[in-house]
Amino acid sequence: MRQMRLSIIGFGTVGRWLAAAIDQRRAWLEAECGVAVSVVSVATRREGFIHRDAGLDVSALLGLASAGRPLVDAPGTRRWATALEGLTMTESDVLAEASNTNPRDPEPALSHIRQALQRGTHVITSSKGACAAAARDLVAFARQRGVQFRMESTVMSGTPVLSTLREGLAGTRVVAVRGILNSTANYILTAMAEGRDYATALAEAQAHGYAEPDPTDDVEGHDVVAKVRILAAAAFSHAVTPDQVIRRGITEIALDTVQRAVRDGRRIKLVATVRPRPEGQRTGSGFLPPEACVEPVALPLTDPLSRVDGVMNALTLQTDTVREVTIIGPGAGPEQAGQGMFADLVAVAKA
Ligand SMILES: NC(=O)c1ccc[n+]([C@@H]2O[C@H](COP(=O)([O-])OP(=O)(O)OC[C@H]3O[C@@H](n4cnc5c(N)ncnc54)[C@H](OP(=O)(O)O)[C@@H]3O)[C@@H](O)[C@H]2O)c1
């Protein structure tokens, strides 16, 4: 049986879900992938990097974490003050990076990812900020180092859109990607289509736990801009800076405007679009980056995105061969993000 040593940076809701899934699915991983996965390191900001060459006892660690006890209490462990130090001083085959970044800030995840790739370690990550800032470069660097870099849960969480682009639609030419990629914004717009005003809809989303106490990144479109940047890298191998993405959020939309659209047989959605510019548009340094925008659009009911309501997300992939594929699914949640990382781990294990 092949051994696969895994380090997990970020032991919050996503990191813990992944660790528990690995523990529970050991027999499946062995039978399906021929690997015995051993979690050798776990890191958090407050506790630093905990490591055991022979593998940590995952259920003991999860017990310590949920009891609020120090992870270093786990027997036989060594500890470094920071994840970066620990990554430098220890060996593992795969890094699962699940520390918390906001969509506009690549750190601390980006440094962890670069360090691991530099050391020839495969990386799977759920950190949107790092991937938004550097996905194209990280993919290229991983390739150069002969390892994998995967980021499934950064766009639509566990709903498999990036693996569909990478594996399911391998070799096809992507013409455009369009999507509803933020659950909070979609919940609010759905509630407004049903007649509630913005403030009521936001309060409802917060009460359900769908919206943060400070919803700025979701309602002003910053979270979707991060996903657009990741899609530009994944679909078109292009780096896009935030100021190259046209961004309009949903805070200025009046209830009356949403209701008028409903009466006209349309639905207003916060739509992300990425598509290459028409051929022939070149700058001195080569092709311009793809057109990228995040904006409220009144969609006709014939558009599959118009029917995606509440906290559901969707992505329509337009390609030269299979034409149009729309994937609908949940766009957030620890279970979903953890599952996206688990699928990435399986892809690494099977490669
Ligand atoms: N939850 C979701 O629905 C979801 C969905 C898709 C993607 N994601 C992404 O997945 C990532 C993790 O999310 P989460 O919900 O699990 O967050 P979380 O519950 O807040 O946990 C974050 C973890 O990262 C650790 N951390 C922060 N800075 C660190 C550092 N410098 N070194 C080592 N560890 C560090 C934190 O340690 P401390 O506790 O000591 O601060 C904590 O253990 C985020 O980037 C998020 O955007 C989440």
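For clarity, every value in this text was computed on a predicted model and none was experimentally measured.
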A.B. asks: Measuring from atom NZ of Lys128 to atom CD1 of Ile230, what distance do you get when rounded to the nearest 0.5 angstrom?
C.D. replies: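 Separation between the atoms: 8.0 Å.
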
A.B. asks: So, Arg150 and Glu167, do they make that salt bridge, N to O below 4.0 Å?
C.D. replies: yes

A.B. asks: Rounded to the nearest 0.5 Å, what separation is found between the SG atom of Cys131 and the CG atom of Leu138?
C.D. replies: 6.5 Å

A.B. asks: Looking at Gln148, I want to see if its CD is surrounded by more than 12 non-hydrogen atoms of other residues, nucleotides or ligands under 6.0 Å.
C.D. replies: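 Correct, the count exceeds 12.
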
A.B. asks: Test: ring-ring contact (aromatic ring centres under 6.0 Å, His included). Region: residues 159-208. Which pairs qualify, not counting sequence neighbours?
C.D. replies: Tyr187-His208, Tyr187-Tyr210, His208-Tyr210

A.B. asks: Salt bridge or not between Arg196 and Glu194? Use side-chain N to carboxylate O under 4.0 Å.
C.D. replies: yes

A.B. asks: Relative to the ring of Phe342, is the ring of Trp28 parallel (under 30°), tilted (30 to 60°) or perpendicular (over 60°)?
C.D. replies: tilted

A.B. asks: Atom CZ of Arg119 and atom CG of Leu95: how far apart are they, to the nearest 0.5 Å?
C.D. replies: 11.5 Å

A.B. asks: Go through the steps for Asp23 and Arg26 under the test side-chain contact (heavy atoms from CB on, under 4.5 Å), then give the verdict.
C.D. replies: CA-CA 6 Å; Asp23 216 28; Arg26 261 175 213 294; 3.1 Å; yes

A.B. asks: With no hydrogens and no angle check, is any side-chain donor or acceptor of Ser126 less than 3.5 Å from a backbone partner on Ala98?
C.D. replies: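 No: the side chain of Ser126 does not pair with the backbone of Ala98.
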
A.B. asks: Measure the CH2-CD distance between Trp80 and Glu47 for me, rounded to the nearest 0.5 Å.
C.D. replies: 15.5 Å

A.B. asks: Step through the shown structure and confirm whether more than 12 heavy atoms of other residues, nucleotides or ligands are within 6.0 Å of CZ on Arg2.
C.D. replies: yes

A.B. asks: The test is side-chain contact (heavy atoms from CB on, under 4.5 Å); show your working for Thr101 and Glu107 and say whether it passes.
C.D. replies: CA-CA 6 Å; Thr101 54; Glu107 295 296 352; over 6 Å; no

A.B. asks: Quick check against the 3.5 Å criterion: does Glu85 have a side-chain atom that pairs as donor or acceptor with the backbone of Met89?
C.D. replies: no

A.B. asks: Would you say Leu87 and Ile9 make side-chain contact, with heavy atoms under 4.5 Å?
C.D. replies: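 Counting from C-beta outward, Leu87 and Ile9 do come under 4.5 Å.
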
A.B. asks: Using the side-chain contact (heavy atoms from CB on, under 4.5 Å) rule, take Val37 and Val94 through it: C-alpha gap first, then chi angles, then the decisive distance, then the call.
C.D. replies: CA-CA 10 Å; Val37 178; Val94 184; over 6 Å; no

A.B. asks: Salt bridge or not between Asp303 and Lys269? Use side-chain N to carboxylate O under 4.0 Å.
C.D. replies: no

A.B. asks: So, does Ser38 use its side chain to make a donor-acceptor pair with the main chain of Val40 at under 3.5 Å?
C.D. replies: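 No.
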
A.B. asks: Go through the steps to decide whether Ser92 and Thr121 satisfy the test side chain to side chain donor-acceptor pair (under 3.5 Å), and finish with yes or no.
C.D. replies: CA-CA 7 Å; Ser92 58; Thr121 305; 4.7 Å; no

A.B. asks: Going by the rule side chain to side chain contact (heavy atoms under 4.5 Å, CB included), which residues pair with Asp214 if we only count those two or more places apart in sequence or in a different chain?
C.D. replies: Thr216

A.B. asks: Under 4.0 Å between a Lys/Arg side-chain N and an Asp/Glu carboxylate O for Arg5 and Asp53?
C.D. replies: no

A.B. asks: Between Glu220 and Arg247, does the side-chain contact (heavy atoms from CB on, under 4.5 Å) criterion hold? Intermediate values first, please.
C.D. replies: CA-CA 8 Å; Glu220 295 291 2; Arg247 175 182 59 80; 3.9 Å; yes

A.B. asks: Tell me which one of Thr77, Leu62, Leu61 satisfies side chain to side chain contact (heavy atoms under 4.5 Å, CB included) with Val42.
C.D. replies: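 Of Thr77, Leu62, Leu61, side chain to side chain contact (heavy atoms under 4.5 Å, CB included) with Val42 is met by Leu61 alone.
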
A.B. asks: Mind listing the side-chain donor-acceptor pairs of residues 322-334 below 3.5 Å, one per line with the distance, residues two or more places apart or on another chain?
C.D. replies:
residue: Arg323; atom: NH1; partner: Asp320; partner atom: O; Å: 3.2
residue: Glu324; atom: OE1; partner: Gln318; partner atom: NE2; Å: 3.4
residue: Thr326; atom: OG1; partner: Thr316; partner atom: OG1; Å: 2.8

A.B. asks: Rounded to the nearest 0.5 Å, how far apart are CD of Glu97 and CD1 of Ile8?
C.D. replies: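 If I round to the nearest 0.5 Å, the distance is 11.0 Å.
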
A.B. asks: Testing Asp218, Val219, Asp217 for side chain to side chain contact (heavy atoms under 4.5 Å, CB included) with Glu212, which one passes?
C.D. replies: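 Per the side chain to side chain contact (heavy atoms under 4.5 Å, CB included) rule, the option paired with Glu212 is Asp218, out of Asp218, Val219, Asp217.
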
